Participant: 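Before I ask anything, let me first share the structure, which is written out below as structure tokens.
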Amino acid sequence: MCGIVGYLGNRDAFPILIKGLKRLEYRGYDSAGIGLIAPSGSLNIYKKTGKVNQLEAYVANQNTAAHIGIGHSRWATHGIPSDSNAHPHTSESGRLAMVHNGIIENYAALKSELLARGHHFASETDSEVLIHLIEEIQQNEGCSLAEAVRLSLSQIIGAYAIVLINKANPTEMVAARKGSPLVIGVGENEFFIGSDASPLIEYTKNVIYLNDLEVAHITQGQLNIKSIDNNVRTPKIQELELKLEAIEKGGYDYFMSKEIHEQPRSIKDCMRGRIYPEQGLVTLGGLKEYSEKLKQAERLVFVACGTSWHAALVGEYLIEDFARTSVEVEYASEFRYRNPIIGEKDIVIAISQSGETADTLAAMTLAKERGATVLGICNVVGSSIPRLSDAGIYTHAGPEIGVASTKAFTAQVTVLTLFALYLSQLKGTLKQGKLIELLTELDHIPELVERCLQLDAGTRFIAEEIKNSRNCIFLGRGTGFPIALEGALKLKEISYIHAEGYPAAEMKHGPIALIDEDMPVVVIATKNSSYDKVISNIQEVKARKGKVIAIVTEGDEEVRKLADFVLEIPNADDTFLPLLASIPLQLLSYHTALLRGCNVDQPRNLAKSVTVE
Ligand code: M6R
């Protein structure tokens, strides 16, 4: 939530900052701003409500000359989206400017103290309080800016990634983090800062991921890092593997469309080097050290949010079925405040695309404090969740920029399928022949996903039919249930049509009251063990004049006779239903949202990475 950028060097800072903000806009897009120190020494701040290109247009004829600057793309927490609440914020004297991603939880108390001491505030934000505090501490202590930042942060409760510039010293920048990500790109006598590596990728491959509770003091050609408790840290420079093409639209109109169509490749990347179908073997190198513990575990507890939580539910079905280990799936936000029964014998597995979700991180921290082993399933390499995990598995889906999760979800489901088979292999709960059979089929899933993508035109046609609906129900049984939940989440988050997912059999316990001729009901009705039961559920919907859109197995005739629309997916073992059935649901949401004129990549009120609780 919120994207921040910074630059210090010999280049023109403005284009680097604007381009960087555009790359980070998925993190928040209600307002944007930049702060530049001009060669004349003036600190020029430009802020605008709206997207980064509105800021760019606003700044067009202004003085943007600078070799140092910071920028911010906001997702509002404290104070409405407005020019004055946009970042950067300045200190009381106007000498310091700062961008912030996170939440200062104790800002109200700090603000009243600062007000009592004569400070004036120009915004309603929590962030502005911090920059006032920093300046006051610097003045009182007579210390360096980096030292003032370090001292101030010890008074802060909450989460932050901050970058500051100082009009009095145009060759210094200070950055710090706790709970919100920050990457520093190291060039030749120049430094780049970003909430992730995308703003720096074309300038340098050398990056430092700042750790929690660290303060970086950057001057031209020099970088020093200290911990908040005043210990000098040696910066660890890592080589970036990210490629520029991965974060560009590559000919697609929207990132979401690109990411949906990338799934045959992303699923393949996720399995690469991990499955050996002829031998019936799955290897998950990252978990090797924990194989005995996994084998002995009586239960696994998944913690996740949103789409990642749906992936965990798929994992629950597969792991319990194949490996016979009991699984609990928890919303990270509930788990962290519930005093859960967790101890040393437990294995807690966090699932996250971004690796930065605040609730998931807090749930992991709690599990660690209680002595549990904490594993991570994550997409973003080097993000906070893998760093907090004892061990884990990367999903290798590549950067996902569209706010609605698509390829990250199928990659999570792929990893969980591999994990279920891996665990069954460790425990000997599946016969070798069955493992060979399943892995052989899994190896071909990318080709079947490719065929599901051919449903693009069919889903566009159905989208025309449902685009004016106010509500929509999604039904499924078995692993079709989490897919129904995910289908509903996708539709509501990008098209703003109210949608709910239910286990098909639950419909008659309440939701059936909603069904009439205006209610589209999307049913996952593929040929599997619950097929006959789902047909009965479809009959119940039709008896109440609901409009049925059914996801069926290729060649199905029975559901076709009942449903208003059918979308055929290739025949496959039940295990792989989630990977295939998700595709038409993603396409359906995508086309419905486009027909309703919605911005599919940046739906209202949302942000890709939820770094606040
Ligand atoms: O990055 P994470 O997987 O931890 O994010 C969790 C949710 O915020 C996320 O899955 C969200 O629900 C998706 N954007 C929905 O498409």
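Counting starts at 1 for both ligands and their atoms, following the listed order. On a predicted model such as this, the values are computed, not experimentally measured, just so you know.
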Participant: Which protein heavy atom lies closest to atom 8 (O) of ligand 1, and at what distance to 0.1 Å?
Facilitator: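 Checked against all protein heavy atoms, atom 8 (O) of ligand 1 sits closest to Val610 CG2, 3.8 Å.
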
Participant: Run the numbers on Ile103 and His78 for side-chain contact (heavy atoms from CB on, under 4.5 Å), then give the verdict.
Facilitator: CA-CA 8 Å; Ile103 288 189; His78 295 60; 3.6 Å; yes

Participant: For atom 1 (O) of ligand 1, which protein heavy atom lies nearest, and how many Å away is it?
Facilitator: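 Checked against all protein heavy atoms, atom 1 (O) of ligand 1 sits closest to Ser354 OG, 2.6 Å.
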
Participant: When the ring planes of His72 and His87 are compared, do they come out parallel, tilted or perpendicular, using 30° and 60° as the limits?
Facilitator: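 Parallel.
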
Participant: Can you find a side-chain donor-acceptor pair between Asp359 and Thr357 that sits under 3.5 Å?
Facilitator: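 Side chains of Asp359 and Thr357: no pair found under 3.5 Å.
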
Participant: What atoms of ligand 1 come within less than 4.0 Å of a heavy atom belonging to Ala404?
Facilitator: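 Answer for ligand 1: 16 (O).
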
Participant: Is there a side-chain contact between Leu418 and Ile393, using heavy atoms and a 4.5 Å cut-off?
Facilitator: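 Not touching, per the 4.5 Å side-chain cut-off.
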
Participant: Looking only at distances, please establish whether an N/O atom of ligand 1 is found under 3.5 Å from an N/O atom of Gln353.
Facilitator: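 There is such a contact, yes.
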
Participant: Polar-atom distance check: Gly355 versus ligand 1, any N or O pair below 3.5 Å?
Facilitator: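 In this structure, Gly355 places no N or O atom under 3.5 Å from an N or O of ligand 1.
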
Participant: Side chains of Asn471 and His498: any donor to acceptor distance under 3.5 Å?
Facilitator: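 Judged by distance alone, the side chains do pair up.
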
Participant: Look at atom 14 (N) of ligand 1 and say which protein heavy atom is nearest, naming residue and atom and giving the distance to 0.1 Å.
Facilitator: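 Here the nearest protein heavy atom works out to Val403 O, 2.8 Å.
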
Participant: My understanding is that only one of Lys407, Lys268, Lys249 makes a salt bridge (charged side-chain N to carboxylate O under 4.0 Å, His left out) with Glu262; could you say which?
Facilitator: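 Exactly one candidate clears the test, Lys407.
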
Participant: Any idea which protein heavy atom is nearest atom 10 (O) of ligand 1, and the distance to it?
Facilitator: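 Looking at atom 10 (O) of ligand 1, the protein heavy atom closest to it is Thr307 N, 3.1 Å.
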
Participant: Glu400 and side chain to side chain contact (heavy atoms under 4.5 Å, CB included): which single residue from Ser266, Ser405, Ser354 fits?
Facilitator: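 When side chain to side chain contact (heavy atoms under 4.5 Å, CB included) is applied between Glu400 and each of Ser266, Ser405, Ser354, only Ser405 qualifies.
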
Participant: Of all the non-hydrogen atoms in the protein, which one sits nearest to atom 5 (O) of ligand 1, and at what distance?
Facilitator: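 Ranked first by proximity to atom 5 (O) of ligand 1 is Thr357 OG1, 3.5 Å.
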
Participant: Should the ring pair Phe461 and Phe565 be called parallel, tilted or perpendicular, given that the plane angle runs from 0 to 90° and is split at 30 and 60?
Facilitator: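 Rings of Phe461 and Phe565: perpendicular, as their planes differ by over 60°.
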
Participant: Please confirm whether Thr360 comes within less than 3.5 Å of ligand 1 when only nitrogen or oxygen atoms on both sides are compared.
Facilitator: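 In this structure, Thr360 places no N or O atom under 3.5 Å from an N or O of ligand 1.
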
Participant: Measure the distance from atom 6 (C) of ligand 1 to every protein heavy atom, then report the residue, atom name and distance (to 0.1 Å) of the closest one.
Facilitator: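 Nearest neighbour among protein heavy atoms for atom 6 (C) of ligand 1, to 0.1 Å: Cys305 O, 3.4 Å.
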
Participant: By number and element, which atoms of ligand 1 are closer than 4.0 Å to a non-hydrogen atom of Glu493?
Facilitator: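 In order of number, 14 (N), 15 (C), 16 (O).
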
Participant: Just say parallel, tilted or perpendicular for the rings of Tyr252 and His261, cut-offs at 30° and 60°.
Facilitator: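 Tyr252 vs His261 ring planes: parallel.
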
Participant: Under a 4.0 Å heavy-atom limit, does Glu356 contact ligand 1 with its side chain, its backbone, both, or neither?
Facilitator: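 It is neither; nothing of Glu356 touches ligand 1.
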
Participant: Kindly identify the option in Ser405, Ser308, Ser609, Ala311 whose heavy atom sits closest to atom 3 (O) of ligand 1.
Facilitator: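 Ranked by closest heavy atom to atom 3 (O) of ligand 1, first place is Ser308.
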
Participant: Applying side-chain contact (heavy atoms from CB on, under 4.5 Å), run through Phe302 and Glu328 and close with a yes or a no.
Facilitator: CA-CA 6 Å; Phe302 283 106; Glu328 282 168 33; over 6 Å; no

Participant: Under 4.0 Å from a heavy atom of Lys490: give me the atoms of ligand 1 that qualify, with their elements.
Facilitator: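 It comes down to these atoms of ligand 1: 15 (C), 16 (O).
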
Participant: Has ligand 1 got any nitrogen or oxygen that is less than 3.5 angstrom from a nitrogen or oxygen of Gln412?
Facilitator: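 For ligand 1, there is no N or O atom that lies under 3.5 Å from one belonging to Gln412.
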
